[in-house]
Amino acid sequence: MEYNFKEIEKKWQAYWADNKTFEAKSKSEKPKYYVLDMFPYPSGAGLHVGHPLGYIASDIYSRFKRLQGFNVLHPMGYDAFGLPAEQYAIQTGQHPAVTTEKNIARYRQQMDRIGFSYDWSREVRTCDPDYYKWTQWAFIEMFNHWYNNDTLKAEPIEALIAIFEKSGNSSVNASHSCEESFTAAQWASFDEKHKSDILMGYRIAYQGETAVNWCPKLGTVLANDEVKEGLSVRGGFPVEQKKMKQWQLRVSAYAERLLSKLDELDWTDSLKDMQRNWIGKSQGAEMIFKVSNGSQDYDVTIFTTRADTVFGVTFMVLAPESEWVEKLTVPTQKAAVEEYILQSKKKTERERMTETRKVTGVFTGSYATNPLTGDKVPVWISEYVLAGYGTGAIMAVPAHDSRDYAFAKAFNLPIIPLIEGCDVSNESFDAKEGKMMNSGFLNGMDVKEAIPAAIDYVESKGIGKRKVNYRLRDAIFSRQRYWGEPFPIYYKDGIPTPLPLSELPLNLPEIDQYKPTESGEPPLARAKDWTYNGYPLETSTMPGFAGSSAYYFRYMDPHNDEGLVSKESNDYWRSVDLYIGGTEHATGHLIYSRFWNKFLFDCGYVCEDEPFKKLINQGMIQGRSNFVYRIKNTNTFVSCGLKDKYDTTEIHVDVNIVHNDRLDIEAFKAWMPDFATAEFVLEDGEYICGYAVEKMSKSMFNVVNPDNICDNYGADTLRMYEMFLGPLEQSKPWDTKGIDGVNRFLRKFWRMFNDGDKFIVEDRKATPAELKALHILINKVQTDIQNFSFNTSVSAFMIAVNELADLKCNCREVLEPLAILISPFAPHIAEELWQQLGHKESISFASFPEYKAEYTVENSFDYPVSFNGKMRFKITLPKSMNPKEVEAAVLADENMQKYLQGANVKKVIVVPSKIINIVC
RNA sequence: GCUCGGGUGGUGGAAUGGUAGACACGAAGGACUUAAAAUCCUUUGGGCAGUAAUGCCUGUGCGGGUUCAAGUCCCGCCCCGAGUACCA
């Protein structure tokens, strides 16, 4: 029988499902290992060949770990809340739950065909009330906690209330957004509403007014990571800044912990770097400048990382949104300032960006006093200062900051150089190096000493203090949308109040339409009787990242209705040992999950502080589009190599009717009615298509569906080919060219133990040559899997099978370990061989074969590398040998003497490990 | 601008500082076959010499350097990709 992958794959997929082969044991003597994929959003388009790349890698690793004797948890689920299903619902009236359900079914079907070893009994869906109950629960917990900067952890809000009752808020060191200070007596006198407002400024999940990213087209606000280049990541619609009251998560409280713990994680440096940049820690100082508007004096605090440059301050700048603007604008400038602010408000984020570096600004009319020189400097307003970072006000040092420099040039403000020898006639000198001048007591110091010296000085004078700033902002947590988790919050006389836990989950209500109401309220406002005990419920819903932030805990204990995860299950599974997914989540999901995890850790619900110990980012699989070239105004198509001889139009052609860049002409004619009568100018009897690497998308006709590959080549070929394509972490275009090689390899492997209809394995002893090939492979595969170098291990299989086939190796002693070795990559064919070898249990319960080094020892000194006065030999010697011993061994070696015949050896130079030079 | 990756045949890609191009695709030639498919064998970075076995030169984006030895390490450029962006 030929290698009939269709039958084999169907058989084993059914076997695994029937026997629950991959169900993870909740209790086990074995050590645990948790391998997780980033769960997908089930889109309407189904999976394309890019999606399974990471899943295949994680599956190989999971199967490998099982063979190594681990109790492996390898689950899968769906990130099922999201915008596309809702947009579709708005257009069609179809309930998002229905479309989502349909898409999930299709995803599942497609994944099953690839032969993944998921434990489907633990599947989770974020849109399932039994699941989002725990998302809502976590939100209430965050609502009921505040972040104590003294103990560096989240603590119950009751403890904070107790402090307020005893001593007000002056002694509290919290991450907060409360602007009021009060005594115990004052606290006692506040009414309920006032107390609620104050506490809101301390809660980890809080409601607050800030500038948010508002996307008018989607009718909702978005978090920072959901906006790229001023456009929404979903849909690509313009986003503008708007002040709104929204639910937020105090992620910023965890900035330092999120940053410092990165060092301990086994993630790639580039990913850690992305998170570091996103968190954006900068050390500097806050400094107080006295500002006068002519009639009144104010203390305005600024933030700077260059305290050493105070002597070069020639003006000050406020953000247009700064609260100081109103106070510091003098009557004569009022009209101009108002006009400027109006203009900047009108601009969307995108417009601000496209008008790059266009310098704009307006003078307030006020003057600030330089705290060190006493000089009076003007206070301006400009968009280049951001309200949300630092204090929203800066001291401008045009000589040493390029933005201040541009501003100074545009408005003709003075520029004072502070570093010896720097030239600021054309540009600022931003580097933190050189000797200070024009700087009073700092003169002569190096910049690196001057910065701390300047801060020490202002601290001692009480006009400033050291300060660390983070770029990381709190996460906006409200969405004005339907298809998300409802907030478990109702408004009791206007006071936001969490539902009792017994009321969870708060189910998403049915509504007639999925759009906002006429008055612009979120869709949930359409729900009938959206109240609790007569009080109105919150109408916004949670964002996409809410459900995906702690899903990995749920897999540990998916059916628990007492808690997110039981203590027992959490103590056993702890955290994710290996997480595989795309880099696109670096600044979103992976920050939120770490934050969420740390919060639950602080509260004592989970035992590990970090969720993902090791993280691998699989590269993206891009599309590879094919083109045909139509001669203008005809229906004649010319092959790629001849296209320059004609005036042609390039047309995308469906890659599924092109093989190795050769067009299937009949299929092309049938593809679209227009082409039925097409004529062709061929090269050597074939039509060669052009190609380009583009994003994989329907409109480019370059989407390759894994189902097609499974139909034509089988899942084992698909799995091995995706790995063979190149390094896992690298992005690469999908190119079916080359898949034949992998398929050929599997057929060859099949023929090792099948001849016609006969199973031909013998029970004889293996020869040394066979064992050598086997053990080289064992060693290679083991190290490659551990290094996630799956492409080279596929090559190693090809080499080994070629060699063993040449040796006519069909003995059990080799084929048994070979089946185990290949089973993570091509599990179906491996199971088939395993069964034919007489095993009753799945190959997943076998043990990874042991590598025996003695089968691979090479003969030493077997060839000369070069001869050129010097003779060089590559040798393999134990590392423990010292140079003298090596020299003696070399000269004594028989082979070596053969090469040295007649040569007059003057010197033997032993260079590290492998090579020796012999000077003759 | 800043940060991090990366540049190797016709193609995808291999190479703990140690024979560059493993493995695979494609291509060319051949065997088997009435034919096709399948399978197998040979050649395949470029150049030169030779009937040949073979030998020599050259070659990993560019220019320098360290080293007995550099695709790999160092310095300076060029190009491509990703992230981020008035973050003071």
Side-chain angles (χ1 to χ4, degrees), chain A residues 2 224 228-229 268-278 280-282 284-285 302-307 309 317 319 352-353 355-359 382-386 388-397 400-404 406-407 430 469-473 583-584 586-587 617 619-620 622 624 660-662 691 720-721 724-727 729-745 747-748 751 789 791-800 802 805-806 863-866 868-870 872-875 907 909-919:
Chain A
E2 258 296 285
N224 281 347
K228 285 235 154 82
E229 286 166 5
T268 58
D269 289 338
S270 74
L271 199 91
K272 288 194 209 175
D273 248 18
M274 268 191 231
Q275 291 215 339
R276 282 190 195 108
N277 290 340
W278 189 259
K281 181 177 186 172
S282 65
I302 58 94
F303 176 75
T304 181
T305 54
R306 291 294 301 273
T309 60
V317 189
R352 279 209 196 184
M353 261 192 264
E355 293 171 25
T356 37
R357 316 282 178 263
K358 199 171 140 195
V359 183
S382 176
E383 276 177 1
Y384 84 86
V385 176
L386 304 176
Y389 184 78
T391 61
I394 62 151
M395 63 177 210
V397 187
H400 302 290
D401 182 288
S402 53
R403 295 153 305 180
D404 297 344
F407 195 84
D430 291 14
N469 253 321
Y470 298 92
R471 207 186 69 116
L472 183 71
R473 311 287 168 83
T583 25
E584 66 271 22
T587 52
N617 295 116
M620 260 208 302
Q622 298 139 306
R624 186 179 187 280
N660 289 335
D661 288 340
R662 272 129 187 92
Y691 72 90
M720 289 198 105
Y721 184 58
F724 185 63
L725 220 45
E729 310 200 62
Q730 186 179 304
S731 285
K732 56 229 156 191
W734 175 262
D735 187 355
T736 321
K737 194 166 95 181
I739 196 166
D740 291 315
V742 173
N743 191 245
R744 249 169 245 167
F745 153 75
R747 290 202 302 256
K748 193 166 196 169
R751 284 197 306 270
S789 177
N791 55 328
T792 52
S793 42
V794 175
S795 293
F797 278 117
M798 290 178 174
I799 295 168
N802 270 330
D806 283 351
Y863 51 86
V865 175
S866 71
N868 198 352
K870 275 181 243 165
R872 296 172 48 213
F873 292 85
K874 184 174 183 176
I875 58 168
K907 200 159 99 189
I909 304 164
V910 181
V911 265
S913 79
K914 280 187 183 168
I915 292 291
I916 56 170
N917 291 335
I918 297 177
V919 183

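The sequence lines fix the lettering, A, B, ..., with proteins before strands; numbering per chain opens at 1.
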Inset, instruction - Could you tell me the separation between the CZ atom of A:Arg471 and the CG atom of A:Asn277, rounded to the nearest 0.5 Å? - result: 7.5 Å

Inset, instruction - Indicate syn or anti for B:G9, taking the glycosidic torsion and treating anything within 90° of 0 as syn. - result: syn

Inset, instruction - Specify the separation, in whole Å, of atom CD of A:Gln622 and atom C1' of B:G81. - result: 9 Å

Inset, instruction - Please check the phosphate of B:G83 (OP1 and OP2 only) for any side-chain N or O of A:Ser270 closer than 4.0 Å. - result: no

Inset, instruction - Indicate yes or no: at least one non-hydrogen side-chain atom of A:Arg473 is less than 4.5 angstrom from one of A:Asn224. - result: yes

Legend entry - Whole-angstrom distance between B:G6 and B:G59, as gauged at atom P: 24 Å

Legend entry - Value in whole Å for how far the P atom of B:G5 lies from CG of A:Asp273: 7 Å

Inset, instruction - Mind checking which stems touch RNA chain B? I mean at least 3 consecutive Watson-Crick or G-U pairs, both distances under 3.5 Å. - result: B:1-7 with B:78-84, B:10-12 with B:23-25, B:26-31 with B:39-44, B:45-49 with B:54-58, B:61-65 with B:73-77

Legend entry - d(CG, A:Leu271; P, B:G81) in whole Å: 21 Å

Atom pairs, N/O to N/O, protein against nucleotides 35-39 of chain B, distance under 3.5 Å?
unit_1, atom_1, unit_2, atom_2, d
B:A38, O3', A:Arg747, NH2, 3.4
B:U39, OP1, A:Arg747, NH2, 2.7
B:U39, O3', A:Arg751, NH2, 3.4

Inset, instruction - Using the closest heavy atom to pick a nucleotide of RNA chain B for each, name whichever of A:Gly741 or A:Thr391 lands nearer the 5' end. - result: A:Gly741

Legend entry - P-based separation of B:A53 from B:G45 [nearest Å]: 15 Å

Inset, instruction - State, with a plain yes or no, whether a side-chain heavy atom of A:Trp734 is found less than 4.5 Å away from one of A:Tyr721. - result: yes

Legend entry - Interatomic spacing from CZ in A:Phe797 to CE in A:Met720 - rounded to 0.5 Å: 5.5 Å

Inset, instruction - Would you classify A:Arg473 as touching base, sugar-phosphate or nothing, given that sugar-phosphate means primed atoms plus P, OP1 and OP2, and contacts are heavy atoms under 4.0 Å? - result: base

Legend entry - Distance, rounded to the nearest Å, where A:Phe797 contributes CZ and B:A24 contributes P: 15 Å

Legend entry - Distance between P atoms of B:C80 and B:A27 (Å, rounded): 32 Å

Any protein N or O atoms within reach of nucleotides 10-14 of chain B? Criterion: under 3.5 Å, listing atom names and distances.
unit_1, atom_1, unit_2, atom_2, d
B:G12, O2', A:Leu725, O, 2.7
B:G13, OP1, A:Gln730, NE2, 2.6
B:A14, OP1, A:Asn791, ND2, 3.0

Legend entry - side-chain contact (heavy atoms from CB on, under 4.5 Å) involving A:Asn469 - partner list, sequence neighbours excluded: A:Ser282, A:Phe303, A:Tyr389, A:Lys467

Legend entry - From A:Lys228 atom NZ to A:Thr587 atom OG1, the distance as rounded to the nearest 0.5 Å: 5.5 Å

Legend entry - Nearest-angstrom distance, C1' atom, B:G13 to B:C25: 11 Å

Legend entry - Pairwise C1' distance, B:U11 and B:C2 [rounded to whole Å]: 35 Å

Inset, instruction - For residues A:Arg306 and A:Val397, determine if any side-chain heavy atom of one lies less than 4.5 Å from a side-chain heavy atom of the other. - result: no

Inset, instruction - For the side chain of A:Lys228, starting at C-beta, report the closest nucleotide among B:A22, B:C4, B:G83. - result: B:G83

Inset, instruction - Quote, to the nearest angstrom, the P distance that separates B:C79 from B:A70. - result: 28 Å

Inset, instruction - To the nearest 0.5 Å, tell me how far A:Arg276 CZ sits from A:Asp269 CG. - result: 7.0 Å

Inset, instruction - Mind checking side-chain contact (heavy atoms from CB on, under 4.5 Å) for A:Ser731 and listing every partner two or more places apart, or none if nothing turns up? - result: A:Met620, A:Gln622

Legend entry - N or O in side chain of A:Tyr384 less than 4.0 angstrom from B:A88 OP1/OP2: no

Inset, instruction - Using whole Å, report how far CG of A:Leu472 lies from P of B:A85. - result: 12 Å

Legend entry - Between B:G26 (P) and A:Asn743 (CG): distance, integer Å: 12 Å

Inset, instruction - Look at the side-chain N and O atoms of A:Asn802 and state whether any lies under 4.0 Å from the OP1 or OP2 oxygen of B:A24. - result: yes

Inset, instruction - Find the distance between CD1 (A:Ile302) and CD1 (A:Ile394) and round it off to the nearest 0.5 Å. - result: 8.5 Å

Inset, instruction - Looking only at non-hydrogen atoms, find the nearest pair between A:Val385 and A:Gly392 and report the distance. - result: CG1-O, 3.6 Å

Legend entry - Pairwise 5' ranking along RNA chain B for A:Thr304 and A:Met798, keeping only the more 5' one: A:Met798

Inset, instruction - Determine the interatomic distance between C1' on B:G46 and the same-named atom on B:G21; round to the nearest Å. - result: 13 Å

Legend entry - Donor-acceptor pair between A:Tyr384 and A:Asp404 side chains, under 3.5 angstrom: yes

Legend entry - Pairwise C1' distance, B:G18 and B:C4 [rounded to whole Å]: 30 Å

Inset, instruction - Under the side-chain contact (heavy atoms from CB on, under 4.5 Å) rule, collect the residues that match up with A:Arg751, sequence neighbours excluded. - result: A:Arg747, A:Lys748

Legend entry - Integer-rounded Å distance: B:A82 C1' and A:Lys272 NZ: 19 Å

Legend entry - Pairwise distance NZ(A:Lys732) to CG(A:Leu725) - rounded to 0.5 angstrom: 5.5 Å

Legend entry - Length of the CG-P vector between A:Asn224 and B:A85, whole Å: 8 Å

Legend entry - Closest nucleotide among B:A85, B:A88, B:G26 to the A:Trp278 side chain: B:A85

